Amino acid sequence: MNRPAPMLRAHCEPLDSLDPLTALRRQFVWDEPQRLRFDGNSIGPMSLQARQAFDLVASQWHEQARFGWSRCGWFEAPLRMGDKLGVLLGAGEGQVVVCDSTSLNLHKALSLAMTARPGGGVVLMQAGGFPTDEYVAQGLCLPTSGFTLERLAGDEQALMARLARGGVAILCLSHTDYRSGERLDMARLCEQARQCGALTLFDLSHSAGAGALFLDDCGVDFAVGCGYKYLGGGPGAPGFLYVARRHQHLHRPAPWGWMGHENPLAFESDYKAHPGMRAHLVGTPGVIANVVMEAALDHWLGLDLAALWVRRAALAKTFIATLDALLPDTGLQLVTPREAQRQGGFLALRHPDAAALVERFEQAGLIISHRPPDVMRFAISPLVHRHVDVFDALVLLGAQMRGRTVPL
Ligand SMILES: Cc1ncc(COP(=O)(O)O)c(C=O)c1O
């Protein structure tokens, strides 16, 4: 390959060859020599284990015709998967359930938080968060609810100051912002919220599977997130809900459905919530999606998570070093913080022509995502990306912006 700045690429090669985790990419369906994929949209990489799950679910379907649901473990899957995912979230057993969409789980979590604050108050969010979070909060903070939605146009420091002024009942945040990629300091915000009498609810969609999380240790009250991004559960995979054990006496899940009943198979006429996380299930789980999601989670649990987070940080460092070295004159602005602990699953660059550029890069073989108006997102995965991929992506990007082509 004919690459500019060969010294820098040569610097990346040993970072890959000396790291045993580079071999992990062989456990993924990732055979695309003509494309550099950094798509931060909605589909994480497909592990071979997840791929094989499609055959597994087909054979289970065939089997269940003879043996019923119990034989395949479908009924318990949402809670079983929740405990597996808990390892990645820093959540002890019995506090996570994998089910439904993030939006619906957010509705459940915010409803529960409101139940825990019967006196009402302010639901505090950051302005410009992911739309579904804003819509769910708007839908619940109706004038009759006793809660007022306040969207603060400000950073973490402004959130801390607003909490200190009082009146906030629930702090509802995206842990990693979907546009800037900035990851908030969860421990710091939780501590401040606790001191100011507010409950915490985090959307972890751009954090889960992208770095270490410590929900129990931070004292998070509620959390939700997507299964189809960095966790690799496949298109439309179920989301998840975390309810800290101390709130599990609030058995007022929304909505009520038979799968959340204390005894679903007794077919009783009156609703009685299950005492544990099962209460947050509503209807029949999406079995096919769950089987694939569970295979993805099992793949995660076979990995050295601490080493993976170190590799993610190292890949991000290569991205930023290459950006600084090769692209100082292209008008690109790094929006994500440079410190690894302030990053989630992607790095974001700002450029006024972002939309057109992302299309142009795609035609040249570099797949990234665009968020209006001017952000380009590079999802960097320690599971599949190498340092040389990061380097090549930025070389291609720079060449395209200067009107040249670089062969892949
Ligand atoms: C922060 C955040 N929350 C929620 C969602 C999506 O929620 P749902 O799975 O309900 O579509 C996304 C999707 O990209 C997101 O980025």
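The structure displayed is predicted, hence computed values, not measured ones. Whatever order the structure lists them in is the order used to number ligands and atoms, beginning at 1.
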Exercise. Got a sec, which residues hit side-chain hydrogen bond (donor to acceptor under 3.5 Å, both in side chains) with D83, two or more places apart in sequence or on another chain?
Worked result: none
Problem set entry | Results of side-chain hydrogen bond (donor to acceptor under 3.5 Å, both in side chains) for T22 - residues two or more places apart only | R311
Exercise. Is there a nitrogen or oxygen of D203 sitting under 3.5 Å from a nitrogen or oxygen of ligand 1?
Worked result: yes
For this session: Could you say whether the N/O atoms of S103 and ligand 1 ever approach to under 3.5 Å?
Result: yes
Seminar exercise, completed: atom 16 (O) of ligand 1: of H206, H107, R179, the nearest heavy atom sits on H206
Seminar exercise, completed: Note: ligand 1 atoms sitting under 4.0 Å from heavy atoms of S174 are 1 (C)
Exercise. Which of the numbered atoms in ligand 1 are below 4.0 angstrom from a heavy atom of Y228?
Worked result: 6 (C), 7 (O), 8 (P), 9 (O), 11 (O), 13 (C)
Exercise. Applying a strict 4.0 Å limit to heavy atoms, is G239 in contact with ligand 1?
Worked result: no
Exercise. In terms of ring plane angle, is the pair W309 and W300 parallel, tilted or perpendicular, where the classes change at 30° and 60°?
Worked result: tilted
Problem set entry | Plane angle bin for H175 and F202 - parallel if under 30°, tilted between 30 and 60°, otherwise perpendicular | perpendicular
For this session: Flag yes if more than 12 heavy atoms outside E93 fall under 6.0 Å of its CD atom; otherwise flag no.
Result: no
Which bit of [X] gets closer than 4.0 Å to ligand 1, counting heavy atoms only: side chain, backbone, both or neither?
| X | value |
| --- | --- |
| S205 | side chain |
| T102 | both |
| D133 | side chain |

Exercise. Looking at the rings of F130 and Y178, which for Trp means the six-membered one, are their centres under 6.0 Å apart?
Worked result: yes
Exercise. Is the F378 to F319 ring centre distance short of 6.0 Å?
Worked result: yes
